[in-house]
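Presented below is the structure to which this report refers.
Note that the coordinates shown come from a computational prediction; the quantities given were computed from them, not determined experimentally. Only heavy atoms go into these numbers, but all of them, side chains included; no hydrogens, no water, no symmetry mates. In the text below, chain A, chain B and the rest are named by the order of the sequence lines, each starting its count at 1.
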Protein chains: 2
Amino acid sequence: MTATAERILDIMQELIQARGFSAISYQHIADALQVTKASIHYHFPTKSGLGTAVVRRYRQRLMEVMQAVAAEDGRSTLEILDLYSTPYLDFADTPDKVCLCGALAGEYMALPAEMQGEVAGFFAEHQDWLERLLERGRQRGDVAFDGPPAPMARLIFSALQGGLLVKRTNGDIGQVRDVVAALKTCLAPATQPA
Amino acid sequence: MTATAERILDIMQELIQARGFSAISYQHIADALQVTKASIHYHFPTKSGLGTAVVRRYRQRLMEVMQAVAAEDGRSTLEILDLYSTPYLDFADTPDKVCLCGALAGEYMALPAEMQGEVAGFFAEHQDWLERLLERGRQRGDVAFDGPPAPMARLIFSALQGGLLVKRTNGDIGQVRDVVAALKTCLAPATQPA
DNA sequence: GTCTATACAAAGATAGAC
DNA sequence: GTCTATCTTTGTATAGAC
C-alpha cells in the first residue's frame with residue numbers, strides 16, 4: 001500500500017462519513033487530493049474496490065482498538081465501555097461525520113455486495129464484542145441487567161450508531177453524551193440498601 | 001395532490017427506504033411506475049422537491065400516529081411505547097427497508113438543505129414526544145429511570161433507529177425485538193420487595 | 001505515478017407533439 | 001398527463017503520452 005493510496009483511503013473515508021457512498025464521485029476525491037480523476041483510478045480501478053478497501057481498513061482499525069481496550073487491566077466494565085465509546089464521541093465532536101458503517105447502513109441496498117459484507121461483518125463483531133464484555137462484567141458484578149447479554153449488547157451498539165446519526169442533524173453533542181449516560185444508568189448495579 | 005403524484009411519492013419513499021436518496025434516479029421511479037422520466041418531472045420538476053415532499057408526508061403521517069397513540073386511554077406507558085414502536089417493527093419485517101429518515105441520516109451532508117430541515121425536524125419531534133411520554137409515565141409510576149427524561153428519550157429513539165439499520169445488515173428481526181425488549185427492562189419499575 | 005484525452009452511459013431537466 | 005426527443009452535465013472507466 002503506497003502513501004498515495006493511503007491518502008486516497010483517508011479522503012474517501014472522510015467523504016463517506018460525511019456524505020455516504022453513492023453521493024461520492026472520483027471527481028470529489030481528485031479535487032480533495034489535488035490530482036486528476038485518472039490518478040485515482042490508477043490506485044483503485046473501481047469505485048466498488050475503493051469502497052471495500054476503505055471499510056476493510058476501518059473495520060480492522062476499530063477491531064484493534066477493541067482488542068487493546070479489552071486487554072486493559074484493572075478497568076471496570078463501565079470504564080471499558082467509555083473507552084469503547086471514545087471513537088464515537090470523537091466523531092460526534094465533528095460537525096459532519098458519523099461512523100463509516102453507520103453512514104453506509106442507510107444506503108445498504110445500493111451498496112456493492114462486497115461492501116455489504118464488510119458492513120455486516122463490522123456490526124456483527126462489534127455486537128459480539130459488547131456481548132462478551134457484558135457477560136464478563138456481570139460475572140464480576142460491576143454491571144447489572146435483566147436477561148441475557150445479547151439484547152443489551154444490541155441495545156448499546158444500536159444506540160451509539162443511532163445517536164451519532166441524530167446528533168449530526170441537530171448539532172448537539174449532548175445527543176451522544178446523553179445516550180451514553182442513559183445506557184450507564186441502565187447498567188449500574190443497584191447499590192445495596194444499608 | 002393527484003393520484004399519480006401520490007403513487008410517485010409511494011415509490012420514491014420505498015426506494016429511499018431501501019437505497020437512500022443519492023442512489024435514486026428518475027429512471028428508477030419511471031421504471032417502477034411504468035412511465036417515462038418526463039412524466040415524473042411533470043409531477044415533480046426537481047429531485048430535491050420530490051425528496052422534500054416525501055419526507056414531509058412521512059413526517060406528518062408518523063406525527064398522526066403519535067398523536068393517536070398518545071390519545072389512547074387506559075394504556076400503560078410501556079404499552080404506549082409498544083404502539084409507538086410498531087412502525088419500526090413493521091419495517092423490520094421487510095427484508096430491505098428502514099425508517100425513511102434513518103436512511104437519509106446516513107447521507108445527511110449530501111442532502112438538499114430543505115430535506116435536511118425535514119429530517120432534523122422529524123428527529124426532534126419524535127424525541128420530544130418520547131420525552132413527554134417518559135415524564136408522564138414516571139409521574140404515574142409505571143416506568144422508572146434515573147435522571148431527567150430527555151437522555152432516556154434520546155436513548156430510546158437512537159436505539160430504534162440504529163437497531164433497524166443493523167437489522168437490515170444481518171436479516172435478524174431479533175435485532176429490533178431485542179432492542180425494544182432491553183429498553184423495557186431498563187424502564188420497568190423495581191418490584192417492591194415483599 | 002500522473003497527465004490529457006476520450007469513450008460511454010446515466011443523470012437531472014426541458015421543449016414541444018399528442 | 002404522457003410521450004419522444006434532446007440538451008447538458010456528471011459519472012465510471014480506459015488508452016496512451018510523459
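- Heavy atoms of other residues, nucleotides or ligands lying less than 6.0 angstrom from CD of A:Gln60 number 12 at most.
- For B:Thr4, a side-chain nitrogen or oxygen approaches OP1 or OP2 of D:dT2 to under 4.0 Å.
- The residue B:Ile24 sits close only to the backbone: its heavy atoms come under 4.0 Å of sugar-phosphate atoms, none of a base.
- A close approach under 4.0 Å does not occur between any side-chain nitrogen or oxygen of A:His28 and OP1 or OP2 of D:dT10.
- Within the nucleic acid shown, B:Tyr26 comes within 4.0 Å of sugar-phosphate atoms alone, with no base atom in reach, counting heavy atoms only.
- Taking atom NE2 of residue B:His41 and atom P of nucleotide D:dT4, one finds them 15 Å apart after rounding to whole Å.
- The heavy-atom pair separating A:Asp142 from A:Ser76 by the smallest distance is OD2-CA, 3.4 Å.
- Counting to the nearest Å, the P atom of D:dT12 and the CD1 atom of A:Ile40 are 12 Å from each other.
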Report summary line: For DNA chain D, the expected dot-bracket line (Watson-Crick or G-U under 3.5 Å, [ ] crossing, | inter-strand) is ||||||||||||||||||

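- Between A:Leu33 and A:His43, the closest side-chain pair of non-hydrogen atoms is not below 4.5 Å.
- Side chain of B:Val35, nearest nucleotide from C:dG12, D:dT2, C:dC3: D:dT2.
- Here the nucleotide nearest the side chain of B:Ala38, chosen from C:dG1, D:dC3, D:dG1, is D:dC3.
- The 12-atom threshold is exceeded at CD of B:Glu72, counting heavy atoms of other residues, nucleotides or ligands nearer than 6.0 Å.
- Closest to the B:Thr36 side chain, of the nucleotides D:dC3, C:dA13, D:dA13, is D:dC3.
- Atoms CG and CG, from A:Leu160 and A:Leu81 in turn, are 7.5 Å apart once rounded to the nearest 0.5 Å.
- Side-chain atoms of B:His43 lie closest to D:dT2 of the nucleotides D:dT2, C:dG12, D:dT14.
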